[in-house]
Amino acid sequence: MSNNNNNNNNNSKNKLVTVVDSTSEVGDFVTRALLKEGYRVRALTRNIESNAAKALKNLDAEVVKCSDTDSPANIQAALIDTEVIFYPTNFWSSFEKEVEYGIKFVDAALSVKTVKHYVFHGLISCKTVSNDKFAVPHFDLKYRVEQHLRKVSNENPTFISSFIYSPFYMQNFSSIFTPKRSTTTNGTYTISMPLEESKPLDMVDIKDIGPIVAGIIANPSKYSGVVVPLAGDKLTGDQICQVFTKVTGKQVKYNYIPPATFRTFAFPYANEIASMFQFFSEFGAFNDLDTTLASSIHKLTSLEDYLISTKFRFE
């Protein structure tokens, strides 16, 4: 379901939208969705010779070598004639420099006079909401970029900014939180997370981000200064496992891992992920934001539909 009307679709064909980090998972899905909606898309990427970049070029995206690590001059050159920007910062590649790169890109975009709308893929500030109880850098640093972007928009009213927040990705069930076969009970699987048993987890299919971005771009004045949170489903650990059992026919049980235990695990950012889940358990992914906005733009994917559409299979 898409609520973009025919006039919006026709107008969109005349807009040039630049997607930053277009070969990332989020950037790729957004680029494809925008092309499908009829936008002209300039896809910025570090490596224009990558298979992902070539695939986007084959879909008629204009692929240009540029990233947020480039100089302001190079960024400005890559944004020539751009009317709309979609920018998903990537903490996992830039880390503490995420704020520096994010602010630099905003300021470079402001100097390109054709840019009228900046859609930022951000996250809630865990430190702010929790009154410094929880610090989650890959959330908090994005929020600092958002604050700068809002300031720039307030000072320059024709430079509209909009925001999209994503929670836990359903794709994580095929990576870090994939169900594991039980070593004690034959034919049973477990999903283990540091999420309290009684607390629901907001989730989204990454593919849904693209149509939501397209809807925001089609209505810049409506979404000026607005945060659109995405959650295709909101389930407790036990409810998540029930969905897995229903779709796969396998018995799946939830295993709560105390955050203190999770922090000791020997993989990168275990400490940060534990803090993120503690924040989720206490405040949810979006605190008091309006989670109905996204569904008015596009029908979001439930966990059950996601598992069916991806033909999820256990290892």
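One-based numbering along the sequence shown.
- Side-chain atoms of V106 and L110, non-hydrogen and from C-beta on, never get closer than 4.5 Å to each other.
- Of the possible donor and acceptor atoms, none in the side chain of T45 sits under 3.5 Å from a partner among the backbone N and O of S22.
- Ring centroid separation for the pair F244 and Y189 does not come in under the 6.0 Å cut-off.
- Aromatic ring pairs are classed by plane angle as parallel below 30°, tilted from 30° to 60° and perpendicular above 60°; the pair F267 and F262 is perpendicular.
- For the atom pair NZ (K142) and CG (L123), the distance works out to 5.5 Å, reported to the nearest 0.5 Å.
- Electrostatic pairing of D68 and R46 counts as a salt bridge here, judged by a charged N lying under 4.0 Å from a carboxylate O.
- Looking at heavy atoms from C-beta onward, D290 lies out of side-chain contact with F286 at the 4.5 angstrom threshold.
- In summary, the side chains of T31 and D28 do not present any donor paired with an acceptor at a separation below 3.5 Å, with no hydrogens or angles considered.
- For the pair Y118 and L149, the minimum side-chain heavy-atom distance is below 4.5 Å.
- If you look at F177 and F168, their ring centroids are closer than 6.0 Å.
- Here the side chain of S130 pairs a donor or acceptor atom with the backbone of F134 at under 3.5 angstrom.
- In this structure, CG on D81 lies 15.0 Å from NZ on K15, to the nearest 0.5 angstrom.
- No hydrogens or angles considered: a donor-acceptor pair under 3.5 Å links the side chains of Y165 and E146.
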Test ring pair (Phe, Tyr, Trp, His ring centres under 6.0 Å) on F86 and F120 and set out the steps.
-> CA-CA 6 Å; F86 173 69; F120 182 67; 8.8 Å; no

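- With contacts defined as side-chain heavy-atom distances shorter than 4.5 Å, the pair I216/H117 qualifies.
- When side chains are defined from C-beta on, V119 does not count as touching Y87, because their heavy atoms never get closer than 4.5 Å.
- With respect to the salt-bridge test (charged N to carboxylate O, under 4.0 angstrom), the residues E62 and R42 qualify.
- For the 3.5 Å distance criterion, the side chains of T114 and E83 fail to qualify, holding no donor opposite an acceptor.
- Rounding to the nearest 0.5 angstrom, the gap separating the CE atom in M193 from the CG atom in N172 is 9.5 Å.
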